[in-house]
Undergrad: 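One structure, as structure tokens, below. Some questions next.
A quick note: this is a predicted structure, and the numbers were derived from the prediction, not measured.
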Amino acid sequence: MNYFTGFYPSVRVDSAGDGVVSQGGGAILTSMAKGSGLAAGLSEALEPWRKPFATHEPGKILTDLALSLATGGDCVSDVDRLRNQPEVYGLVASDPTISRLFTTLSQVKSAKALAAINSARAAARAHVWTQAGKDSPLHGVSDENPLVVDLDASLLNSHSEKEDARPTWKKGFGFHPLMSFIVHGLDGTGEPLAVLLRPGNSGSNTVSEHIQVVKDSVKQLPKGYRSGRKIMIRTDSAGGTHGFLDWLSARHRNFSYSVGFPIHGAVADVLPLVPKEGWSKAYDSDGFERDGAWVADITGMLNLSSWPAGMRVIVGKEVPHVGAQLRITDIDGHRYTAIATNQKKGQLSVLEVRHRLRARCEDRIRNAKDTGLANLPFHVFAGNELWCHVVMLAAEIMAWTQMVALTGTKARVWEPKKLRARLFEIGGRIAIHARRTTLHLAATAPEVQLLLKGMKRVAALSPP
């Protein structure tokens with residue numbers, strides 16, 4: 001007996017389909033690229049590198065690459081997924097044309113080209129945030145509720161001898177980029193601000209590189225939000241260095257900060273001396289008390305004269321999770337962590353949980369790797385630097401789309417894989433009548449109404 005008979009319907013297959021679009025939902029991304037001003041901004045910024053009589057503008061080429069990554073590609077040749085659907089994505093450059101552009105931008109002009117791209121990104125970001133209103137990261141920003149910029153590094157493996165690829169501390173081989181992301185809050189995702197591509201053997205706590213990433217990040221923020229306590233720089237213990245904190249807290253910058261602080265030496269010595277009444281219950285991200293977790297302020301028990309004025313040290317302890325390994329500095333069977341911050345207001349538990357939410361930065365990096373960052377396609381280091389900026393373009397186009405088009409919906413927090421499966425890959429059929437092109441999306445797609453509502457919101461964006 002054949003138990004497999006009848007599992008799936010028998011269908012007749014041919015190639016007679018006309019006007020069929022397999023990624024019709026990606027039209028919301030092209031609308032955002034236009035509505036944000038990013039596409040036009042990139043075209044203008046990169047005009048100096050356009051060849052005479054060239055058919056394709058450099059800005060359009062980079063935007064196409066970003067769209068291909070946003071819709072699921074992970075290498076240069078994946079732009080072909082757009083090339084076959086010109087009714088939605090327009091004319092797309094050939095692979096040799098893209099390669100020549102990267103060669104041009106990756107030569108001695110690379111620094112100027114990256115500066116031009118970043119200028120266009122900053123202008124588009126300011127426009128989108130203004131249009132987003134109460135859904136913008138700027139809504140409600142104050143000294144007590146700062147705009148949070150997360151810094152973190154990650155390893156990228158290389159499977160060939162690419163320029164400046166080096167052995168990593170995890171015994172791999174490749175690169176060790178340092179990235180920054182703006183936080184959209186618990187009800188949203190986040191968007192990239194800056195990336196510093198580094199050889200694989202680069203240190204985790206190099207002060208100059210942390211400073212450079214913060215400088216590049218601040219340039220991406222709207223004017224009026226580039227200094228002061230309304231910005232909080234958040235890092236793990238790699239940022240807990242004298243040089244970095246001194247730079248952040250300099251009078252003309254005066255950033256808020258919350259960084260991981262190492263537990264050794266004086267900090268480890270005072271932990272057994274914290275009185276029982278000095279510990280208060282820790283909170284979870286929803287503001288409720290966490291079972292088996294406490295926080296305490298040990299600033300007054302330490303000599304912090306060599307650290308920036310106003311720095312506080314807050315320690316947390318919790319019952320370790322099953323399988324967790326305790327450090328030699330952990331006592332009483334609890335797992336201890338510490339943070340350094342210059343935030344003066346707020347309950348200890350609120351400050352501690354605000355720092356722990358930094359872990360979402362790892363999600364942002366994971367999503368970036370799912371959007372082309374995992375595969376650096378070029379041999380030349382400058383080419384891979386440019387590729388990292390294309391990845392940021394793809395990530396922020398998706399983030400802006402969620403902020404403007406999908407706010408107030410479950411899709412506001414969807415990660416790239418789900419966005420593609422539920423929205424971008426909705427199929428459709430092209431119909432042309434009276435010189436007007438219409439994309440008829442599949443009526444049976446579960447999220448087609450969500451997509452249509454979102455597209456109306458994007459279409460309502462005022463031109464920059």
Undergrad: If you round to the nearest 0.5 Å, how far is CZ of F181 from CE of M179?
TA: 3.5 Å
Undergrad: Just by distance, with hydrogens left out, do Q212 and D216 show a side-chain donor and acceptor under 3.5 Å apart?
TA: yes
Undergrad: Taking R81 first and then D78, would you say they form a salt bridge - that is, a charged N and a carboxylate O separated by under 4.0 Å?
TA: no
Undergrad: Quick one: are K417 and D370 in side-chain contact, heavy atoms under 4.5 Å?
TA: yes
Undergrad: Can you give me the closest heavy-atom contact between I397 and A66, atom names plus distance?
TA: CD1-CB, 4.4 Å
Undergrad: Between S256 and K230, does any side-chain donor sit less than 3.5 Å from a side-chain acceptor?
TA: no
Undergrad: Given side-chain hydrogen bond (donor to acceptor under 3.5 Å, both in side chains), test S258 with T341 step by step and report yes or no.
TA: CA-CA 4 Å; S258 180; T341 182; 4.7 Å; no
Undergrad: Can you confirm whether L29 sits close enough to F424 that some side-chain heavy atom of one is under 4.5 Å from a side-chain heavy atom of the other?
TA: yes
Undergrad: Of R358, R366, R234, R360, which meets salt bridge (Lys or Arg N to Asp or Glu O under 4.0 Å) against D152?
TA: R358
Undergrad: How close do L105 and A113 get, counting heavy atoms only, and between which atoms?
TA: CD2-CB, 3.8 Å
Undergrad: Among I117, L67, I98, L38, whose side-chain contact (heavy atoms from CB on, under 4.5 Å) with L62 holds?
TA: I117
Undergrad: What is the minimum heavy-atom distance between E209 and G203, and which atoms define it?
TA: OE1-O, 4.3 Å
Undergrad: List the atom of C75, the atom of W387, and the distance in Å for their closest heavy-atom pair.
TA: C-CH2, 3.7 Å
Undergrad: With a 4.0 Å cut-off on N to O distance, would you call R422 and E447 a salt bridge?
TA: yes
Undergrad: How long is the gap from OG1 on T189 to CE on M403, to the nearest 0.5 Å?
TA: 7.5 Å
Undergrad: Assess whether atom CD of E44 is packed by more than 12 heavy atoms of other residues, nucleotides or ligands within 6.0 Å.
TA: no
Undergrad: Less than 4.0 Å between a side-chain N and a carboxylate O, is that true for E57 and R50?
TA: yes
Undergrad: Please list, one pair per line, the donor and acceptor atoms closer than 3.5 Å that link side chains of residues 451-464 to other protein atoms, with sequence neighbours excluded.
TA:
{"unit_1": "R457", "atom_1": "NH1", "unit_2": "A405", "atom_2": "O", "d": "3.0"}
{"unit_1": "R457", "atom_1": "NH1", "unit_2": "T407", "atom_2": "O", "d": "3.1"}

Undergrad: Any carboxylate oxygen within less than 4.0 angstrom of a Lys/Arg side-chain nitrogen, looking at D64 and K60?
TA: yes
Undergrad: Taking 4.0 angstrom as the limit, do R83 and D95 come out as a salt bridge?
TA: yes
Undergrad: Going by distance alone, is a donor N or O of one side chain under 3.5 Å from an acceptor N or O of the other, for N367 and D363?
TA: no
Undergrad: Under 3.5 Å, is there a donor-acceptor pair between the T103 and S106 side chains?
TA: no
Undergrad: So, D284 and R290, do they make that salt bridge, N to O below 4.0 Å?
TA: no
Undergrad: At their closest point, which heavy atom of P167 faces which heavy atom of F173, and how far apart are they?
TA: N-CD1, 3.7 Å
Undergrad: Between atom CD1 of I432 and atom OG1 of T438, what is the distance when rounded to the nearest 0.5 Å?
TA: 9.0 Å
Undergrad: Give a yes or no on whether a salt bridge exists between E352 and R356, defined as a side-chain N under 4.0 angstrom from a carboxylate O.
TA: yes
Undergrad: Quick one: does F381's side chain get under 4.5 Å of N384's, heavy atoms only?
TA: no
Undergrad: Which residues satisfy the side-chain contact (heavy atoms from CB on, under 4.5 Å) test with N145, sequence neighbours excluded?
TA: S142
Undergrad: Quick check for you: to the nearest 0.5 Å, what is the distance between L178 atom CG and S154 atom OG?
TA: 10.5 Å
Undergrad: Let me see the working for R229 and Q343 under side-chain hydrogen bond (donor to acceptor under 3.5 Å, both in side chains), right down to the final yes or no.
TA: CA-CA 9 Å; R229 292 298 180 92; Q343 299 171 92; over 6 Å; no
Undergrad: Ion pair present between D164 and R166, side-chain N to carboxylate O less than 4.0 angstrom?
TA: yes
Undergrad: Would you name the heavy atoms of A411 and L419 that are closest together and state the gap between them?
TA: O-CD2, 4.3 Å
Undergrad: List the steps and the verdict of side-chain hydrogen bond (donor to acceptor under 3.5 Å, both in side chains) for R412 and H184.
TA: CA-CA 10 Å; R412 181 67 177 87; H184 285 188; 3.1 Å; yes
Undergrad: Is there side-chain contact between T371 and M398, with heavy atoms separated by less than 4.5 Å?
TA: yes
Undergrad: Could you tell me the separation between the CD1 atom of I182 and the OH atom of Y225, rounded to the nearest 0.5 Å?
TA: 11.5 Å
Undergrad: For E191, is there an ion pair with R364 - N to carboxylate O distance below 4.0 angstrom?
TA: no
Undergrad: For the rings on F102 and F378, is their centre-to-centre separation under 6.0 Å?
TA: yes
Undergrad: Please report the interatomic distance CG(L439) to CZ(R429), rounded to the nearest 0.5 Å.
TA: 10.0 Å
